[in-house]
Enquirer: 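Can you read through this structure? Questions will come right after.
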Amino acid sequence: MRIEVSVPSMLRDCTGGQCVFPLEADTLRQALDRSLETYPPLRVHLFTEQGSPRQHVLIYYNEESLAWLDDWNVPLQEGDRLQVLQAVSGG
């Protein structure tokens with residue numbers, strides 16, 4: 001299944017300058033794995049050494065946060081989106 005993945009502009013140096021890129025995958029987990037295989041520098045920005053999403057990173061599958069999903073082996077459908085957001089704080 002072909003889906004669209006988007007990352008914030010601050011991570012575009014990890015994706016060859018792209019903020020949005022297409023990806024072929026059958027499940028959400030496979031989409032995440034393929035994103036990291038295609039763009040290895042993303043791993044250090046998105047996931048901890050234990051494999052869980054970093055605290056300041058929000059990853060959405062369509063309108064649902066991955067933090068709310070018990071299982072990432074969700075079958076993908078045409079038109080699905082994977083969106084990475086980074087929380088920014090400061091003053």
Enquirer: According to a 4.5 Å side-chain heavy-atom criterion applied to Ile, Leu, Val, Met, Phe, Trp and Tyr, with indirect links allowed, do Val5 and Tyr60 form part of one hydrophobic cluster?
Expert: no
Enquirer: So which heavy atom on Ile59 is nearest to which on Val57, and how close?
Expert: CG1-CG1, 3.8 Å
Enquirer: Is there a path of hydrophobic side-chain contacts, each under 4.5 Å between heavy atoms of I, L, V, M, F, W or Y residues, that connects Ile3 with Leu85?
Expert: no
Enquirer: Provide the closest heavy-atom pair for Leu76 versus Ala25 in the form atom of the first, atom of the second, distance.
Expert: CD1-O, 3.7 Å
Enquirer: Under a single-linkage definition using a 4.5 Å side-chain heavy-atom cutoff for Ile, Leu, Val, Met, Phe, Trp and Tyr, are Phe47 and Val7 assigned to the same hydrophobic cluster?
Expert: yes
Enquirer: Could you work out, with salt bridge (charged side-chain N to carboxylate O under 4.0 Å, His left out) as the rule, every residue matching Arg29, not counting sequence neighbours?
Expert: none
Enquirer: State, with a plain yes or no, whether a side-chain heavy atom of Glu24 is found less than 4.5 Å away from one of Met1.
Expert: no
Enquirer: Got a second to check how far Asp71's CG is from Leu28's CG, nearest 0.5 Å?
Expert: 9.0 Å
Enquirer: Measuring from Arg34:CZ to Leu82:CG, what's the distance to the nearest 0.5 Å?
Expert: 13.5 Å
Enquirer: Going by the rule side-chain contact (heavy atoms from CB on, under 4.5 Å), which residues pair with Val44 if we only count those two or more places apart in sequence or in a different chain?
Expert: Arg54
Enquirer: For Pro75 versus Asp80, what's the shortest heavy-atom pair and its separation?
Expert: O-OD2, 4.4 Å
Enquirer: Measure across Leu23 and Ser35 and return the closest heavy-atom pair with its distance rounded to 0.1 Å.
Expert: CD2-OG, 3.3 Å
Enquirer: Enumerate the side-chain hydrogen bond (donor to acceptor under 3.5 Å, both in side chains) contacts for residues 4-18, please, sequence neighbours excluded, ordered by first and then second residue.
Expert: Gln18-Tyr39
Enquirer: Hydrophobic clusters here meaning ILVMFWY residues chained together by side-chain heavy-atom distances under 4.5 Å, can you tell me if Leu46 and Trp72 are in one?
Expert: yes
Enquirer: Looking only at heavy atoms, which two atoms of Cys14 and His45 are closest? And how far apart?
Expert: SG-CD2, 3.4 Å
Enquirer: Would you confirm whether Asn62, through its side chain, and Glu64, through its main-chain N or O, come within 3.5 Å as a donor-acceptor pair?
Expert: no
Enquirer: Treating Ile, Leu, Val, Met, Phe, Trp and Tyr as nodes and any side-chain heavy-atom pair under 4.5 angstrom as an edge, say whether Tyr61 and Leu36 lie in one connected cluster.
Expert: yes
Enquirer: Might you confirm whether atom CD of Glu78 has over 12 heavy atoms from other residues, nucleotides or ligands at distances under 6.0 Å?
Expert: yes
